[in-house]
K.L.:
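Right, I'll just put the structure down here and ask away after.
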Amino acid sequence: GGEDQEAPALSQAELKKQSMQEVRRSLPIFPYREDLLAAIHEHQILVIEGETGSGKTTQIPQYLLEDGYTKGGMKIGCTQPRRVAAMSVAARVAEEMSVKLGNEVGYSIRFEDCTSERTVLKYMTDGMLLREFLTEPDLASYSVIIIDEAHERTLHTDILFGLIKDIARFRPDLKVLVASATLDTERFSCFFDDAPVFRIPGRRFPVDIFYTKAPEADYLEACVVSVLQIHVTQSPGDILVFLTGQEEIEACCELLQERCRRLGSKIAELLVLPIYANLPSDMQAKIFNPTPPGARKVVVATNIAETSLTIDGIIYVIDPGFCKQKSYNARTGMESLIVTPCSRASANQRAGRAGRVAAGKCFRLYTAWAFKHEMEETTVPEIQRTNLGNVVLLLKSLGINDLIHFDFMDPPPHETLVLALEQLYALGALNHLGELTKLGRRMAELPVDPMLSKMILASEQYKCSEEVLTIAAMLSVNNSIFYRPKDKVVHADNARMNFVVPGGDHLVLLNVYTQSGHSTQWCYENFIQFRSMRRARDVRDQLEGLMDRIEVEVVSSQEDSVPIRRSRSGYFYHTARLSKGGYKTVKHQQTVYVHPNSSLFEEQPRWLIYHELVFTTKEFMRQVIEIESSWLLEVAPHYYKSKELEDSSSKKMPRKQGKTKEELG
DNA sequence: GAGCACTGC
């Protein structure tokens with residue numbers, strides 16, 4: 001001993017805290033801290049234009065907290081379009097504040113609430129905040145709401161715009177921040193009654209953009225050639241190629257591998273890696289492995305690499321300028337997924353992926369003229385491309401009766417709203433005045449499409465809610481449950497055949513779920529997508545948890561499929577009858593076909609109900625179940641005239657059947 | 001006999 005100790009050395013934790021504060025102070029947003037707080041103090045609504053890497057998402061809530069906006073336990077809420085972002089940003093902020101995640105800083109996403117009584121900084125998905133309106137219509141527990149990534153214009157964000165603008169009028173103490181990338185901030189400002197725009201620069205490297213001199217006839221081939229050219233002529237750095245879907249990506253990867261094989265040792269090693277959302281996780285993870293020295297990595301991706309994930313080391317981007325986009329035709333109720341030219345905003349986002357670590361280059365496989373004249377400025381917002389049944393039900397249950405005049409930033413097509421209202425009326429969720437019924441109120445509690453929630457509520461009377469909950473969960477998993485890799489098509493189809501039971505696809509799905517071991521091993525052996533099964537189980541658990549609140553008893557019909565199929569007739573809007581060559585929808589006499597993947601593809605029953613109508617090569621009904629036409633009159637006498645249900649192809653049908661119309665009134 | 005962009009409650 002005997003040594004004089006001066007001030008005690010800083011502990012590990014304190015050192016870490018200090019360096020973290022240094023990082024915070026080095027962010028581009030830091031010099032703007034005081035001005036930003038002053039602007040927020042002065043204005044109720046502020047649009048914040050901040051590029052990626054400015055630090056706005058992690059810092060602004062902390063600045064507000066430091067400035068006293070959480071006094072008295074008031075919360076600061078910040079929405080994100082994606083679950084992963086909400087989780088990871090919350091974790092980062094908790095670390096910066098040296099608190100345990102879930103205490104002062106937390107997040108809330110579907111299936112997972114990581115918040116507590118103490119939580120004052122709450123990150124959440126935009127859909128989650130939308131649901132919160134149901135329990136707290138004025139958001140009274142919040143002092144600030146931040147809508148982040150507003151430029152993405154997700155369906156939920158767009159609805160939030162209208163609702164928040166409305167409550168801001170009678171809650172002058174509520175601060176609203178709309179944060180967006182450099183895009184369209186004027187439009188946001190205009191929508192929010194000329195709210196001022198506060199600009200924060202980002203930290204990005206320059207990206208040189210190159211166009212082709214003439215349009216490319218075959219963009220897949222052009223991609224392959226460009227990759228090889230970059231590989232041979234350009235300095236080190238990985239390549240990111242944007243294609244539209246799995247099939248294209250597989251084809252591109254195969255072509256690249258084949259040409260590299262042919263060139264052999266004449267060129268350096270090229271690692272070719274595909275990435276798309278449906279790719280099994282272990283294969284997805286490969287894109288993040290560091291590139292070995294001397295080699296080059298090329299990642300061939302869908303739009304997933306545009307926003308959802310970032311790959312380090314990308315210096316070169318190849319952009320053919322196309323993407324797959326969903327659209328919805330409200331006149332026919334049909335969805336389609338079509339390859340379309342992407343927007344200029346999307347093209348710029350793609351190019352930006354080349355400038356995250358160093359200066360980069362983007363090769364656009366179209367002409368500068370096409371960029372300027374043939375591409376739309378921004379992508380059509382989701383609200384204008386989708387079925388709105390769910391959203392309309394939610395807004396109705398928030399007491400918004402006049403949806404036609406709701407303050408949408410970009411209103412959906414009139415027909416989409418009308419069809420949604422019509423269907424809700426037909427389901428009994430709305431009365432003839434367009435007001436929510438008791439049934440509608442119960443339906444709104446369930447986070448599924450109205451026709452699925454109707455099915456769940458109908459199952460009560462047929463005593464088969466246990467089974468119907470499972471079917472609803474399986475149907476709301478939009479991906480195919482069945483895994484069908486190209487090289488094992490026969491095995492996969494055999495595995496699938498093992499699950500087939502009579503009655504229709506819904507019963508097959510029920511069978512898969514019932515037999516499922518839910519383990520990765522079981523799924524792998526049975527050619528079932530593990531991720532889809534896990535999701536179905538999560539959805540089912542959530543729905544089952546809500547049954548108490550809507551007063552539905554969870555009971556099983558055991559082996560009997562009739563009650564299950566009867567519950568399904570809640571889907572009477574989606575009825576089709578066999579007619580020569582295919583089917584005709586009962587309501588619009590539209591010609592449609594059973595999807596070849598359906599278990600009823602060969603049986604062709606006289607009457608069936610389909611889950612969805614999708615246009616690909618033909619008008620296909622996906623997920624169909626056999627029913628009896630008499631059930632339809634039972635569940636929807638107000639909707640069907642018995643004449644429509646007469647079976648003209650059957651000579652056995654007695655003519656007096658038509659009288660039931662009068663009998664049913 | 002066809003085929004699955006991406007999110008989210």
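Only this structure's heavy atoms are used, side chains among them; waters, hydrogens and symmetry mates stay out. Chain identifiers are assigned alphabetically (A, B, ...) following the order of the sequence lines, protein sequences preceding nucleic acid strands; residue numbering begins at 1 within each chain.
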K.L.:
For Phe615(A) and Leu446(A), take the nucleotide of DNA chain B holding the closest heavy atom to each; which residue's nucleotide lies nearer the 5' end?
P.N.:
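Its nucleotide being nearer the 5' end, the pick is Phe615(A).
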K.L.:
Which nucleotide sits closest to the side chain of Phe601(A): dC4(B), dC6(B), dG1(B)?
P.N.:
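Taking heavy atoms from C-beta onward, the closest nucleotide is dG1(B).
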K.L.:
For the pair made of CD1 in Ile550(A) and P in dC9(B), what is the distance, rounded to whole Å?
P.N.:
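For the pair Ile550(A) CD1 and dC9(B) P, the rounded distance is 19 Å.
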K.L.:
If you look at every strand shown and take non-hydrogen atoms under 4.0 Å, does Gln325(A) touch a base, only sugar-phosphate, or nothing?
P.N.:
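The answer is nothing, as Gln325(A) stays clear of every strand by at least 4.0 Å.
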K.L.:
Please compare Pro447(A) and Arg385(A) by the position of their nearest nucleotide in DNA chain B and report the one closer to 5'.
P.N.:
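Looking at DNA chain B, the more 5' nearest nucleotide goes with Arg385(A).
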K.L.:
Does Phe371(A) have any ring-ring contact (aromatic ring centres under 6.0 Å, His included) partners at least two apart in sequence or in another chain, and if so, which?
P.N.:
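For Phe371(A) the ring-ring contact (aromatic ring centres under 6.0 Å, His included) partners, ignoring immediate neighbours, are Tyr211(A).
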K.L.:
Specify the separation, in whole Å, of atom CZ of Arg622(A) and atom P of dC4(B).
P.N.:
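Those two atoms, CZ and P, are 5 Å apart.
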K.L.:
Consider the side chain of Glu382(A), meaning its heavy atoms from C-beta on, and name the nucleotide among dT7(B), dG1(B), dC9(B) that approaches it most closely.
P.N.:
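Closest of the options to the side chain of Glu382(A): dT7(B).
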K.L.:
Would Arg350(A) and Phe242(A) count as a cation-pi pair here, with the cationic atom under 6.0 angstrom from the ring centre and within 45° of the axis?
P.N.:
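Yes, a cation-pi geometry.
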K.L.:
To the side chain of Tyr276(A), which of dC6(B), dG8(B), dA5(B) is closest?
P.N.:
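Minimum distance to the Tyr276(A) side chain belongs to dC6(B).
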K.L.:
Quick one: salt bridge (Lys or Arg N to Asp or Glu O under 4.0 Å) partners of Arg356(A), sequence neighbours excluded?
P.N.:
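Here the qualifying residues are Asp312(A).
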K.L.:
Which part of the nucleic acid, if any, lies within contact of Asn597(A), taking any heavy atom under 4.0 Å across all strands shown: a base, the sugar-phosphate backbone alone, or nothing?
P.N.:
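Asn597(A): base contact, heavy atoms under 4.0 Å.
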K.L.:
Please give, in whole Å, the distance from dC4(B) P to Glu248(A) CD?
P.N.:
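Going from CD in Glu248(A) over to P in dC4(B) covers 13 Å.
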K.L.:
Verify the contact: side-chain N or O of Arg131(A) to OP1 or OP2 of dG8(B), cut-off strictly under 4.0 Å; return yes or no.
P.N.:
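So the side-chain polar atoms of Arg131(A) never come under 4.0 Å of the phosphate oxygens OP1 or OP2 of dG8(B).
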K.L.:
Looking at Glu132(A) and Lys122(A), is there a salt bridge between them, counting it only when a charged N and a carboxylate O are closer than 4.0 Å?
P.N.:
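A salt bridge is present here (some side-chain N lies under 4.0 Å from a carboxylate O).
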K.L.:
For a quick check of understanding: with a heavy-atom distance under 4.0 Å over all strands, which category does Lys618(A) fall into, base, sugar-phosphate or nothing?
P.N.:
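Here Lys618(A) touches no strand at all.
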K.L.:
What nucleic acid atoms does Thr154(A) come within less than 4.0 Å of, heavy atoms only: base, sugar-phosphate, or nothing?
P.N.:
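Touches nothing.
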K.L.:
Using 0.5 Å steps for rounding, measure from the OG atom of Ser453(A) to the CE atom of Met443(A).
P.N.:
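It is 3.5 Å, given to the nearest 0.5 Å.
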K.L.:
So Arg153(A), base contact, sugar-phosphate only, or nothing? Heavy-atom distance under 4.0 Å.
P.N.:
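The answer is nothing, as Arg153(A) stays clear of every strand by at least 4.0 Å.
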K.L.:
What's the CD-P distance between Gln542(A) and dC9(B), to the nearest Å?
P.N.:
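Gln542(A) atom CD is separated from dC9(B) atom P by 8 Å.
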K.L.:
Which nucleotide in the list dC4(B), dC9(B), dC6(B) gets nearest to the side chain of Ser308(A)?
P.N.:
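So the nucleotide nearest the side chain must be dC6(B).
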K.L.:
Return the value, rounded to whole Å, for the distance between atom CD1 of Ile338(A) and atom P of dC4(B).
P.N.:
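Answer to the nearest Å: 12 Å.
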K.L.:
Which of the following nucleotides, dC4(B), dC9(B), dT7(B), is nearest to the side chain of Met128(A)?
P.N.:
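My answer, after comparing the listed nucleotides, is dC9(B).
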K.L.:
Given dC9(B), dA2(B), dC6(B), which nucleotide is nearest the side-chain atoms of Ala277(A)?
P.N.:
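So the side chain of Ala277(A) is nearest to dC6(B).
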K.L.:
Please determine whether a side-chain nitrogen or oxygen atom of Thr125(A) lies at a distance below 4.0 Å from atom OP1 or OP2 of dC9(B).
P.N.:
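Yes.
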K.L.:
Counting side-chain heavy atoms from C-beta on, which of dA2(B), dC9(B), dA5(B) comes nearest to Leu337(A)?
P.N.:
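From the listed options, dA5(B) comes nearest.
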K.L.:
Mind listing the residues from residues 79-91 of chain A sitting with a heavy atom below 4.0 Å of DNA chain B? Number order is fine.
P.N.:
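Those residues are Pro81(A), Arg82(A), Arg83(A).
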K.L.:
Which whole-number value in Å describes the distance from Asp158(A) CG to dG8(B) C1'?
P.N.:
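Answer to the nearest Å: 14 Å.
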K.L.:
Name the one of Thr57(A), Thr79(A), Thr157(A) that satisfies side chain to side chain donor-acceptor pair (under 3.5 Å) with Asp148(A)?
P.N.:
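Testing Asp148(A) for a side chain to side chain donor-acceptor pair (under 3.5 Å) against Thr57(A), Thr79(A), Thr157(A) leaves exactly one candidate, Thr57(A).
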K.L.:
Please identify each residue that fulfils salt bridge (Lys or Arg N to Asp or Glu O under 4.0 Å) with Arg484(A), with sequence neighbours left out.
P.N.:
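Listed in chain order: Asp493(A).
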K.L.:
Tell me, please, which residues at least two apart from Lys488(A) pass salt bridge (Lys or Arg N to Asp or Glu O under 4.0 Å).
P.N.:
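Salt bridge (Lys or Arg N to Asp or Glu O under 4.0 Å) list for Lys488(A), sorted by chain: empty.
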K.L.:
For Arg353(A), enumerate each residue passing the side-chain hydrogen bond (donor to acceptor under 3.5 Å, both in side chains) test, keeping only those at least two apart in sequence or located in another chain.
P.N.:
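Not a single residue meets the side-chain hydrogen bond (donor to acceptor under 3.5 Å, both in side chains) criterion with Arg353(A).
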K.L.:
Counting only side-chain heavy atoms from C-beta out, which of dG8(B), dA5(B), dT7(B) sits nearest to His156(A)?
P.N.:
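Minimum distance to the His156(A) side chain belongs to dG8(B).
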K.L.:
Could you tell me the separation between the CG atom of Asn390(A) and the C1' atom of dG8(B), rounded to a whole number of Å?
P.N.:
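Asn390(A) atom CG is separated from dG8(B) atom C1' by 10 Å.
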K.L.:
Let me know the distance between CG of Leu600(A) and P of dA2(B), rounded to the nearest Å.
P.N.:
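Roughly 18 Å, once rounded to whole Å.
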